[in-house]
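See below for the structure under consideration.
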Amino acid sequence: MDIPFSDIDCNWLKRYETWLRKQGKSENTIGIRFRNIRMIFNLAMNMELVKPENYPFKKFKVSKLHQDTAKRALTKEEILSVVNYNITGKDFYCKLAVHLFTFSYFMGGINFVDMAYLTEKNVLNNRLIYNRRKTSKLINLPMQERAIVVLKEYEKKNSPYLFPILTTKHKTEQQRLNRLHKVITKVNKALKAIGEELHIPIKLTTYVARHSYATVLKRAGVATSIICESLGHSSEKVTQIYLDGFENSQIDKAMENL
């Protein structure tokens, strides 16, 4: 069923929220639904298809639709089992999944969309320099050896992009969005299968690499402010969501001081 933008006001959103709760949807599932609607509205606003005065998310706050979930970070051993996964003889998306996971982990937890848009211009003097598409924050990180090895797998002269996700054929914003959705779906499906094969206790996705990068630094004693800067977050509060809780063994050891 098609719903015109003009019908989606604050009251409509409240009714939709109530309906989703009656369906038994979790808080985070409801939050994802509303963030997707907001994203579509933002795109429509940018394309001048919706007037600013008809934007319903000034009153309806999506941020309230959030609950803490189980952390999505791996141990260092689990991370290395994914990074070192044997991709010999595997299909294109399985290989791409491992390579993107590896690149993300070693390069500051860079997310899938930012990786997709990377070009040769983003690598300068052995550093990765780019602006996050989500927050526009400038990221400037030294290239890690494992990340360089990954990029060498995709060296070619007929594409400006570092990874085989987007091509010059994807000219419009909608074409790029469609392509990103298609690839991330297949990549995460491949990662899920790899995670199950490796008996990793949580569902493996590209974002697990980002969470794990942040958590590994935290466990090594790196300040949250530095982790926040490297992730390109808007605030340390956002970074805290990424940081895994201390393991029981660490809490047990700390309580010996009581």
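It should be emphasised that the depicted structure is a prediction, and the values quoted were computed from it without experimental measurement. In what follows, every heavy atom counts, from backbone to side chain, and hydrogens, waters and symmetry copies are set aside.
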**Request:** Tell me, yes or no, whether the heavy-atom count around Q23 atom CD, taken from other residues, nucleotides or ligands under 6.0 Å, exceeds 12.
**Result:** yes
**Asked** When clusters are formed by joining ILVMFWY residues with side-chain heavy atoms under 4.5 Å apart, either directly or through shared neighbours, do I40 and M45 land in the same one?
**Response** yes
**Fill in**
Looking only at heavy atoms, the pair that brings L191 and T206 closest together is CD1-N, 3.5 Å
**Asked** Would N42 and Y55 satisfy side chain to side chain donor-acceptor pair (under 3.5 Å), going step by step from the backbone distance to the final call?
**Response** CA-CA 9 Å; N42 290 337; Y55 186 69; 2.8 Å; yes
**Request:** Examine R33 relative to Y16 and say whether NZ or CZ is less than 6.0 Å from the centre of the six-membered ring and inside a 45° cone about the ring axis.
**Result:** no
**Asked** Does the distance from a Lys or Arg side-chain N to an Asp or Glu carboxylate O, for R133 and D114, drop under 4.0 Å?
**Response** no
**Prompt:** Are the aromatic rings of F34 and F60 close, with centres under 6.0 Å apart?
**Reply:** yes
**K203 side, atom NZ; I200 side, atom CD1 - distance, nearest 0.5 Å** = 14.0 Å
**Prompt:** NZ of K189: more than 12 outside heavy atoms within 6.0 angstrom?
**Reply:** no
**Complete:** Closest non-hydrogen atoms of A116 and L180, given as atom of the first, atom of the second and distance, are CB-CD2, 3.4 Å
**Fill in**
Between R38 and F57, the two heavy atoms sitting closest are CA-CE1, 3.5 Å
**Prompt:** Are R176 and E173 close enough for a salt bridge, meaning some N to O gap below 4.0 Å?
**Reply:** yes
**Message:** Taking the six-membered ring for Trp, are Y207 and F112 closer than 6.0 Å centroid to centroid?
**Reply:** no
**Request:** State yes or no: do I184 and F92 share one hydrophobic cluster built from I, L, V, M, F, W and Y residues joined by side-chain heavy-atom distances below 4.5 Å, directly or via other members?
**Result:** yes
**Shortest non-hydrogen contact between L162 and Y154, atoms and distance** = O-CB, 3.4 Å
**Message:** If I compare all heavy atoms of M107 with all of P142, which pair ends up nearest, and what's the gap?
**Reply:** CE-O, 3.4 Å
**Request:** Would you name the heavy atoms of F163 and V150 that are closest together and state the gap between them?
**Result:** CE2-CG1, 3.8 Å
